[in-house]
Novice: 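Below you will find the structure I want to go over with you.
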Amino acid sequence: MNKIILFLAIGFSILSFSCLSAPDRKSLALDYAALGDGFFDLKEYDKAEAYFAKAKLYDPELPINSYKLARIFTEKGEFPRALALTDGLLLQEAQNSHFLSLKAYILFKSEKHEEAQKYLEEVLKASPYSKDCLFNLGLLWYSGGDYAQAKIYLDRLIELSPSDDEALFLLAKSAFKTEDDKKGFELLEILIELKPAEPSYLRLKAQRRNELREYSLALLAYEELVKKDANRAEDWFELAKLAMMAAEDRERAAEALKKAFELGFSNNEVLEAFLTAIPEEDTAYLRAAIPKKDAEKEPSADAANATEPPAEPKLE
């Protein structure tokens with residue numbers, strides 16, 4: 001009985017589809033695509049895939065459906081499926097900058113950087129003012145460790161879009177990597193003015209001052225940072241260290257160290273390296289500020305080397 005019902009349902013679906021006029025099928029395809037777009041924006045990729053698959057069923061010749069499915073497969077990490085659809089689109093329009101950008105994006109996300117670079121350079125020749133392409137080339141070179149080359153593309157992007165915060169931040173990091181500290185700090189000040197509530201800019205500023213052994217300036221930056229973001233144990237630990245190194249303020253160091261452990265700091269190796277580098281009387285004072293149960297936790301990842309997550313490639 002169930003088989004009969006299933007057979008009738010399939011037959012009815014096929015009959016309904018075949019009875020629709022071409023304009024009706026296109027209209028339904030657009031409706032399904034609109035639903036798919038909504039779920040894509042919500043990052044509900046399985047639902048988005050289902051609706052775009054229906055849109056493609058009703059209008060298989062519309063390239064946008066294949067394009068969107070390729071985007072969905074990319075976000076789901078299904079790179080071979082995404083590339084298969086994109087290659088199909090490029091067979092139809094080999095010089096389409098949107099399709100070339102999509103292929104570069106997929107290759108970048110799948111960590112095939114050399115191939116991604118080839119397609120990005122091709123897009124840039126056709127669209128020299130493509131902001132996403134310039135950003136992705138900057139990010140690609142940055143990811144590969146060629147920070148000077150990254151700066152070239154990011155500088156071009158900033159000329160086109162002076163307030164692009166992601167590009168400014170990546171350019172600041174590239175400047176620091178090439179020891180162009182003056183430029184790096186200038187860019188961070190621009191970012192702090194653009195987005196005063198964003199702590200990652202202050203964090204990079206504090207970390208770089210610390211790397212340069214400008215401890216008094218690093219201390220000021222960390223003090224400002226914890227006012228904006230008081231929830232990272234690593235920041236409080238760095239503040240504790242700097243309070244001792246730059247200001248010999250063991251009361252402030254003890255407060256910051258206690259806060260770090262309250263937030264879950266547990267890297268005993270880093271802690272001991274710090275405590276053995278200061279006078280014994282200060283060591284005893286700071287040890288007393290550490291909650292005993294937290295001091296006995298297993299070491300975590302190196303807190304002093306905590307970094308911001310890497311940037312992601314862009315696609316319009």
Side-chain angles (χ1 to χ4, degrees), residues 22-23 25-27 29-30 32-34 36-37 39-41 45 48-49 51-144 146 148-162 164 166-167 170-171 174 311-316:
R25 288 199 294 272
K26 287 184 180 294
S27 178
L30 291 172
Y32 282 128
D37 271 329
F39 283 113
F40 184 87
D41 291 341
Y45 298 123
E49 178 186 345
Y51 281 110
F52 274 111
K54 288 180 180 179
K56 190 176 181 184
L57 174 67
Y58 282 100
D59 193 353
E61 296 179 2
L62 191 64
I64 190 64
N65 293 326
S66 294
Y67 178 92
K68 287 288 189 174
L69 281 168
R71 288 286 312 272
I72 291 163
F73 293 146
T74 304
E75 300 309 322
K76 292 173 68 174
E78 299 177 15
F79 302 119
R81 296 180 75 188
L83 286 170
L85 283 171
T86 309
D87 287 340
L89 291 169
L90 286 168
L91 283 174
Q92 299 173 44
E93 295 183 62
Q95 299 305 312
N96 186 301
S97 61
H98 294 291
F99 301 160
L100 289 168
S101 295
L102 176 60
K103 181 150 188 178
Y105 178 77
I106 297 165
L107 291 167
F108 200 151
K109 293 277 281 187
S110 59
E111 299 185 355
K112 295 180 179 178
H113 291 174
E114 288 187 15
E115 292 181 66
Q117 180 191 339
K118 181 181 74 172
Y119 283 96
L120 286 169
E121 295 284 5
E122 198 171 335
V123 172
L124 198 60
K125 285 178 186 176
S127 305
Y129 302 109
S130 170
K131 295 175 186 177
D132 283 355
C133 189
L134 287 167
F135 180 83
N136 289 343
L137 279 164
L139 178 58
L140 189 149
W141 285 109
Y142 183 91
S143 301
D146 193 334
Q149 193 70 17
K151 285 167 65 179
I152 292 171
Y153 290 103
L154 294 167
D155 276 326
R156 285 174 61 183
L157 174 53
I158 295 305
E159 288 178 12
L160 297 172
S161 185
D164 185 325
E166 290 182 88
L170 190 58
L171 183 55
S174 300
E312 286 289 320
K314 296 182 180 181
L315 184 65
E316 292 178 359

Novice: Can you check whether L154 reaches L134 side chain to side chain, under 4.5 Å on heavy atoms?
Specialist: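 L154 vs L134: side chains apart.
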Novice: What I'd like to find out is whether the side chain of Q117 reaches to under 4.5 Å of the side chain of W141, using heavy atoms alone.
Specialist: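 In short, these two side chains touch, coming nearer than 4.5 Å.
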Novice: Identify the heavy atoms of V123 and S101 that sit nearest to each other, and give their distance.
Specialist: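 Closest approach of V123 to S101, heavy atoms only: CG1-OG, 3.5 Å.
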Novice: Taking atom NE2 as the centre, does H113 end up with more than 12 heavy-atom neighbours from other residues, nucleotides or ligands that are less than 6.0 angstrom away?
Specialist: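 Check passes, neighbour count above 12.
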Novice: In the structure I gave you, are the side-chain heavy atoms of K56 and L85 within less than 4.5 Å of one another anywhere?
Specialist: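 K56 vs L85: side chains touch.
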Novice: So, are R25 and D59 salt-bridged, with charged N and O less than 4.0 Å apart?
Specialist: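 Salt bridge flag = no for D59 with R25.
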Novice: May I have the step-by-step check of side-chain contact (heavy atoms from CB on, under 4.5 Å) for L120 and Y105, ending in yes or no?
Specialist: CA-CA 9 Å; L120 286 169; Y105 178 77; over 6 Å; no
Novice: Which distance, rounded to the nearest 0.5 Å, do you find between the CD of E121 and the CG of L100?
Specialist: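 Reported value, rounded in 0.5 Å steps: 12.5 Å.
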Novice: Give me the atom names and distance for the closest heavy-atom approach of F135 to L170.
Specialist: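 Between these two residues, the closest heavy atoms are CE1-CD2, 4.1 Å.
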Novice: Taking CZ in F40 as the centre, count heavy atoms belonging to other residues, nucleotides or ligands within less than 6.0 Å. Is the count above 12?
Specialist: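 Yes, enclosed.
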Novice: Taking atom types as modelled, find out whether E93 and N96 have a side-chain donor-acceptor pair closer than 3.5 angstrom.
Specialist: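 Side-chain D/A pair, E93 to N96: present.
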Novice: Distance from L69 atom CG to Y51 atom OH, nearest 0.5 Å?
Specialist: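 OH of Y51 is found 14.5 Å from CG of L69.
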Novice: State the OG-CZ distance between S66 and R71, to the nearest 0.5 angstrom.
Specialist: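 These two atoms lie 14.5 Å from each other.
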Novice: Please give me the minimum heavy-atom distance between A311 and L139, naming the atom from each residue.
Specialist: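 In this case the closest contact between A311 and L139 is O-CD2, 3.7 Å.
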Novice: Look at the rings of F99 and Y67 and say which category their plane angle falls in: under 30° parallel, 30 to 60° tilted, over 60° perpendicular.
Specialist: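 Plane angle between 30° and 60°, so tilted.
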Novice: So how far is it from C133 SG to K125 NZ, rounded to the nearest 0.5 Å?
Specialist: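 The NZ atom of K125 is 11.5 Å from SG of C133, to the nearest 0.5 Å.
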Novice: Nearest 0.5 angstrom please: N65 CG to L57 CG, how far?
Specialist: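 The distance works out to 10.5 Å.
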Novice: For the pair K314 and D164, find out whether any cationic side-chain nitrogen is under 4.0 Å from an anionic carboxylate oxygen.
Specialist: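 So K314 pairs with D164 through a salt bridge.
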Novice: Once side chain to side chain donor-acceptor pair (under 3.5 Å) is applied, what residue pairs with a partner in residues 76-87 remain, sequence neighbours excluded?
Specialist: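 Counting only pairs at least two positions apart or across chains, the side chain to side chain donor-acceptor pair (under 3.5 Å) contacts touching residues 76-87 are D46-K76, E49-K76, E78-R81, D87-K103.
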Novice: Show the nearest heavy-atom pair for residues A29 and Y58, with the distance to one decimal.
Specialist: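 Of all heavy-atom pairs spanning A29 and Y58, the closest is CB-CB, 4.0 Å.
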Novice: Which atom pair, heavy atoms only, marks the closest approach of S174 to Y142?
Specialist: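 Result for this residue pair: OG-CD1, 3.3 Å.
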Novice: Could you check whether any side-chain heavy atom of F52 comes within less than 4.5 Å of a side-chain heavy atom of D37, counting everything from C-beta outward?
Specialist: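 The answer is yes, as the side chains (C-beta and beyond) meet within the 4.5 Å cut-off.
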Novice: Is the NZ atom of K112 crowded by more than 12 outside heavy atoms at less than 6.0 Å?
Specialist: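 Count not over threshold, so no.
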Novice: Over all heavy atoms of both residues, which pair between A82 and A70 is shortest? Give the atoms and the distance, please.
Specialist: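 Scanning both residues, the minimum pair turns out to be CB-O, 3.4 Å.
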Novice: Do the side chains of L107 and F79 get nearer than 4.5 Å, heavy atoms only?
Specialist: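 A side-chain contact under 4.5 Å is absent here.
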Novice: To the nearest 0.5 Å, what is the distance between CD1 (I106) and CZ (F73)?
Specialist: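 The CZ atom of F73 is 10.5 Å from CD1 of I106, to the nearest 0.5 Å.
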Novice: Does NZ or CZ of R156 fall inside the cone over Y129's six-membered ring, less than 6.0 Å from its centre and within 45° of the axis?
Specialist: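 Geometry flag: not set, cation outside 6.0 Å or 45°.
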Novice: Taking the side chain as C-beta and beyond, is there a heavy-atom pair between Y153 and L124 under 4.5 Å?
Specialist: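 Y153 reaches L124 side chain to side chain.
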